[in-house]
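Below: one structure, written as structure tokens.
Index from 1, following the sequence. Counting starts at 1 for both ligands and their atoms, following the listed order.
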Amino acid sequence: MPSPARTAGAADSGGMTEAKKILRETFGLREFHKLQGEIIGALLAGRSAIVIMPTGGGKSLCYQIPSMLRGGTGIVVSPLIALMKDQVDALRQHGVRAACLNSGMPYDEQRRVMRDLRGGNLDMLYVAPERLLTDGTLAMLGEIQLALFAIDEAHCVSRWGHDFRPEYIQLSILAERFANVPRIALTATADEATRRDIAERLALRDAKQYTAGLDRPNITYTINQEGNARRALLEFIREKHPGESGIVYCLSRNNVDQTAKWLSANGVRALAYHAGMDKDAREKNQTTFLREDGVVMAATIAFGMGIDKPDVRFVAHLNLPKNIEAYYQETGRAGRDGLPASAWMRYGLQDIVMLRQMLENSEAGEDFKRVEQRKINALLEFCESPDCRRRVMFAYFGETYDRTCGNCDNCMHPPETWDGSVAAQKAMSCAARTGQRFGAAHLISVLLGRDTEKIRRFGHDKLSVYGIGGEHGEAEWYSIFRQLTAAGLLAPDMHGGLGLRDGSRAVLRGEEQIFFRKLPPRARAKTRSGAAQAKPPPMLHGEDAELFEKLRAARLTLSREQNVPPYVIFHNAALIEMALAKPRNARAMEEVPGVGQVKLERYGGVFLDVIEKFLRARG
Ligand code: ADP
Ligand code: ZN
């Protein structure tokens with residue numbers, strides 16, 4: 001009986017041997033990740049594929065290598081013109097014959113690219129969907145040999161996501177006009193509706209779906225409640241990521257500007273990005289963020305879709321994200337290169353009140369509101385949960401994670417909980433007795449028995465709940481109100497007044513126990529000042545760290561000379577390995593991951609010199 005595995009292996013092995021050779025020699029990498037090998041095998045055999053892999057999972061190689069191996073040119077459809085150039089630059093650095101085509105390019109350059117394309121001199125062509133779909137481009141593609149079509153950011157075809165692009169739907173035409181050319185659609189967005197849309201709308205119903213797990217093991221998740229947001233952020237940056245690239249998401253434009261200013265004033269190199277800025281200023285900031293080391297971008301969520309920068313070391317949220325999907329996607333922009341990275345969030349009662357109010361006041365239909373309501377509840381449960389962050393997040397996406405991760409705040413510093421049934425009763429009866437129309441600030445004043453003008457005006461000092469909350473401090477009461485609001489036991493009205501809900505009664509009557517997270521120990525009010533100094537990656541110490549800085553400086557010089565981002569020359573992972581292994585000749589240098597043949601020729605000398613000099617100086 002023939003073994004099916006062996007038959008498949010034999011059929012694929014020729015192509016796969018070549019594929020591995022390219023992985024090693026061109027890209028300087030050792031092994032394929034598990035799914036990469038399978039996907040490349042499928043494309044080499046002429047089959048189409050749908051690939052759902054988290055950010056940083058290594059999607060690009062899945063179509064780059066088959067584009068190089070199959071006859072003809074691989075056409076890569078990507079929605080973001082701004083990014084194409086960097087992607088093409090990165091490929092050219094490896095000696096791959098890649099180009100991009102978009103209508104914003106000078107006419108001469110467009111002509112040159114088309115000539116190269118017709119002459120069969122391109123392994124890969126990056127093109128925006130609107131350009132691809134013109135009659136002219138389609139006709140031209142009909143005349144040349146095509147290796148494959150890669151449709152990047154394929155979730156743009158779905159109306160469910162917030163990145164919907166109508167042109168993507170028309171890409172189904174590729175299946176009709178180029179029936180024999182394999183197509184591969186790729187995305188990091190994993191939800192069911194989006195997957196279905198990709199298969200349906202891109203005419204990929206018969207294509208195999210390759211789904212990698214959601215986990216981004218190199219990201220450390222931390223979620224803080226209360227406390228001064230900006231101060232906590234600054235403390236976090238100084239402690240964990242001084243001098244490193246990061247994104248800080250804020251809710252409003254005004255908030256973005258303020259945060260950028262404030263960080264700058266405190267020695268962090270920070271820029272702003274939001275839709276209210278004029279286009280030039282916005283683009284300039286984006287370019288600086290991409291090209292320079294260690295810039296922090298304060299931004300609204302308008303920033304980030306398709307930001308391919310691999311060395312974003314942290315993503316911070318100064319407000320609650322919209323839902324868990326958004327949180328996963330936004331934090332996913334950290335640490336694409338696989339090195340340690342952070343997702344950090346801070347939110348408070350006010351954020352919860354706002355999120356719930358926004359939904360209440362929205363004009364949307366009841367069905368939509370119900371779905372959104374569920375998503376908000378899930379988000380708040382996630383944020384408040386003392387359980388492993390990964391476990392809660394993946395459960396939401398329907399993926400089981402039956403262990404604890406050891407790389408989130410709750411795993412590393414398990415929060416303490418306390419029986420807050422009595423405190424909850426006090427807080428809720430205070431809201432009830434005052435007419436369910438006051439916000440937490442006033443309710444806390446009543447509980448603490450304060451003497452304020454407002455309390456006297458409403459006669460709240462005459463109520464039985466006046467002054468019954470002395471056993472907790474103000475901060476603790478805020479934390480209690482936050483947790484009750486997050487759990488939906490209290491709910492804000494249009495003006496932020498907190499009222500009871502269906503579920504409140506049982507707790508109020510003492511029929512249900514309720515547990516709260518303890519307030520974390522007070523954040524140290526360290527006010528170190530001065531510029532944040534860049535810190536070497538955590539795995540480097542002493543001499544190695546010094547050498548790393550020298551290598552980094554050499555990389556910056558090269559990147560400035562060529563006007564490309566530093567990571568296009570070498571990723572940090574490559575520099576780290578150089579700093580550790582200290583290669584002294586080309587052979588040893590070639591062992592460093594990310595050093596392919598072309599890069600070895602181009603840059604090997606420069607970096608070997610840096611290492612040699614460094615070692616000599618040490619004697
Ligand atoms: P995605 O597009 O899925 O976000 P990329 O294709 O940009 O991910 O790859 C992310 C990072 O992983 C890049 O730095 C890339 O060089 C690296 N990478 C990809 N495949 C491999 C591999 N097989 N071995 C080592 N590193 C890899
Ligand atoms: Zn965990």
Check: From Leu23 CG over to Phe32 CZ, what is the distance, rounded to the nearest 0.5 angstrom?
Finding: 4.5 Å

Checklist line | Distance under 6.0 Å and angle within 45° of ring axis: Arg391 vs Tyr401 | finding: no

Checklist line | Every N, O or S from the protein that is nearer than 2.8 Å to the Zn ion (ligand 2) | finding: Cys388 SG, Cys405 SG, Cys408 SG, Cys411 SG

Check: Under 6.0 Å between the ring centres of His317 and Tyr347?
Finding: no

Notebook entry, point to check: Taking Phe382 as the fixed residue, which of Asp387, Asn323, Asn377, Ile223 is the one that meets the side-chain contact (heavy atoms from CB on, under 4.5 Å) rule?
Noted result: Ile223

Notebook entry, point to check: About how many Å separate CG of Leu91 and CZ of Phe27, when rounded to the nearest 0.5 Å?
Noted result: 5.5 Å

Notebook entry, point to check: What residues, two or more places apart in sequence or in another chain, satisfy side-chain hydrogen bond (donor to acceptor under 3.5 Å, both in side chains) together with Asp293?
Noted result: none

Note to self: Walk me through whether Phe607 and Arg555 qualify under side chain to side chain contact (heavy atoms under 4.5 Å, CB included).
What the structure shows: CA-CA 8 Å; Phe607 289 88; Arg555 178 178 67 175; 4.1 Å; yes

Next item on the list: Please identify each residue that fulfils salt bridge (Lys or Arg N to Asp or Glu O under 4.0 Å) with Glu283, with sequence neighbours left out.
Entry: Lys279

Note to self: Parallel, tilted or perpendicular: which one describes the rings of Phe314 and Phe236, with boundaries at 30° and 60°?
What the structure shows: perpendicular

Distance dump, ligand 1 polar atoms to protein, N/O, under 3.5 Å:
from: ligand 1; atom 1: 3 (O); to: Gly57; atom 2: N; distance (Å): 3.4
from: ligand 1; atom 1: 3 (O); to: Gly58; atom 2: N; distance (Å): 3.1
from: ligand 1; atom 1: 3 (O); to: Lys59; atom 2: N; distance (Å): 2.9
from: ligand 1; atom 1: 3 (O); to: Lys59; atom 2: NZ; distance (Å): 2.8
from: ligand 1; atom 1: 4 (O); to: Gly56; atom 2: N; distance (Å): 2.6
from: ligand 1; atom 1: 4 (O); to: Arg336; atom 2: NH1; distance (Å): 2.7
from: ligand 1; atom 1: 6 (O); to: Lys59; atom 2: N; distance (Å): 3.3
from: ligand 1; atom 1: 6 (O); to: Ser60; atom 2: N; distance (Å): 3.0
from: ligand 1; atom 1: 6 (O); to: Ser60; atom 2: OG; distance (Å): 2.5
from: ligand 1; atom 1: 8 (O); to: Gly58; atom 2: N; distance (Å): 3.2
from: ligand 1; atom 1: 14 (O); to: His571; atom 2: ND1; distance (Å): 3.0
from: ligand 1; atom 1: 20 (N); to: Gln36; atom 2: NE2; distance (Å): 2.9
from: ligand 1; atom 1: 23 (N); to: Glu31; atom 2: O; distance (Å): 2.7
from: ligand 1; atom 1: 23 (N); to: Gln36; atom 2: OE1; distance (Å): 3.0

